[in-house]
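All remarks here apply to the structure that follows.
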Number of protein chains: 4
Amino acid sequence: MQPDKREDVLKRLAFIDGHLQGVRRMVEDDKYCVDVLKQTFAVRRAIEKMEQIMLDGHLHTCVVEGIKEGRDDQVIGELVDLYALANK
Amino acid sequence: MQPDKREDVLKRLAFIDGHLQGVRRMVEDDKYCVDVLKQTFAVRRAIEKMEQIMLDGHLHTCVVEGIKEGRDDQVIGELVDLYALANK
Amino acid sequence: MQPDKREDVLKRLAFIDGHLQGVRRMVEDDKYCVDVLKQTFAVRRAIEKMEQIMLDGHLHTCVVEGIKEGRDDQVIGELVDLYALANK
Amino acid sequence: MQPDKREDVLKRLAFIDGHLQGVRRMVEDDKYCVDVLKQTFAVRRAIEKMEQIMLDGHLHTCVVEGIKEGRDDQVIGELVDLYALANK
């Protein structure tokens, strides 16, 4: 991963971790399930956003390089697998 | 799209269309909503499967060609946009 | 389904069907895959919106009636199954 | 939340947290993006599973009680909002 992308991803991971600790406290304090669910939806949304940033970096670096080096089948195969996995 | 992919996609579209006509009849006949919803989920699943086939073809052809021709920014940008759109 | 919901759902189904015919023509005319995919995403989005309307009606009628008649296990069980199915 | 559900949810949260720490280490160690993404997909999947358990408990308790106490509009409205939010 490019250094600036990695820094961004690590910041987002720290934020997601803090968000998840908040969810844990809500569950321990027996908060209303509907309110807890709204927070876990937000956590998933934050993870998806972070995934987009990683995928963006991956496409612009590894995929472009892989194809220029003739490793089309490998890098394209990985993308197809990822997409199928993301929608499972 | 490669001819065999296109034929596959058109067959799937005909199947999805038939499935959707079945959903319409269920709604007209006032079938139980839960049963209708199970069918619309299946229709969406079939569309997702068809999308995977189109994306697979796109990656193996246009994306590889585009990168080999130096149009990295265009083809990668399109993929990033598509992924963001698929998750919206 | 309540008559006004059913009418709304049938209108949406007709619109979705027309959208899908447009997708078929795009595939037959060998349009760019990225543009076809954007349209199939929109079709799925339209189906999801229609599902929300059906679910809304179902919750306000069958689920409320079922619980008031003591059929909690049935109507709640169906919702849990639907949710699991929607996320598969 | 029922005590046994809460315990289950807290265990799952601890597991998810550990999984997320693993993702952080992978990013710090500059592991291959595709492998990191597979792990973040798994984290989201684990969160979704935990949400199903919370929703299941919510439906069997608060929703049934709310409807039996005549607060249909409140509990059903919350479910409709949640569903719309989950699909956004």
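Keep in mind that this is a model prediction, so the values were computed, not measured.
Around atom CZ of B/F15, no more than 12 heavy atoms belonging to other residues, nucleotides or ligands sit under 6.0 Å away. Enclosure of atom CD in B/E28 by more than 12 non-hydrogen atoms of other residues, nucleotides or ligands within 6.0 angstrom is indicated.
Ranking C/K38, C/M50, C/K31 against chain B, the residue ahead of the rest is C/K38, based on heavy-atom pairs under 4.5 Å. Ranking C/L37, C/L20, C/I16 against chain B, the residue ahead of the rest is C/L37, based on heavy-atom pairs under 4.5 Å.
Every residue meeting the side-chain contact (heavy atoms from CB on, under 4.5 Å) condition with C/K49, not counting sequence neighbours, appears here in chain and number order: C/R12, C/Q52.
Looking at C/V9, the atoms closer than 4.5 Å to chain B (heavy atoms on both sides) all sit in the side chain, from C-beta outward.
Salt-bridge formation is detected for the pair C/E48/C/R45: a Lys NZ or Arg NE/NH1/NH2 atom is positioned less than 4.0 Å from an Asp or Glu carboxylate oxygen.
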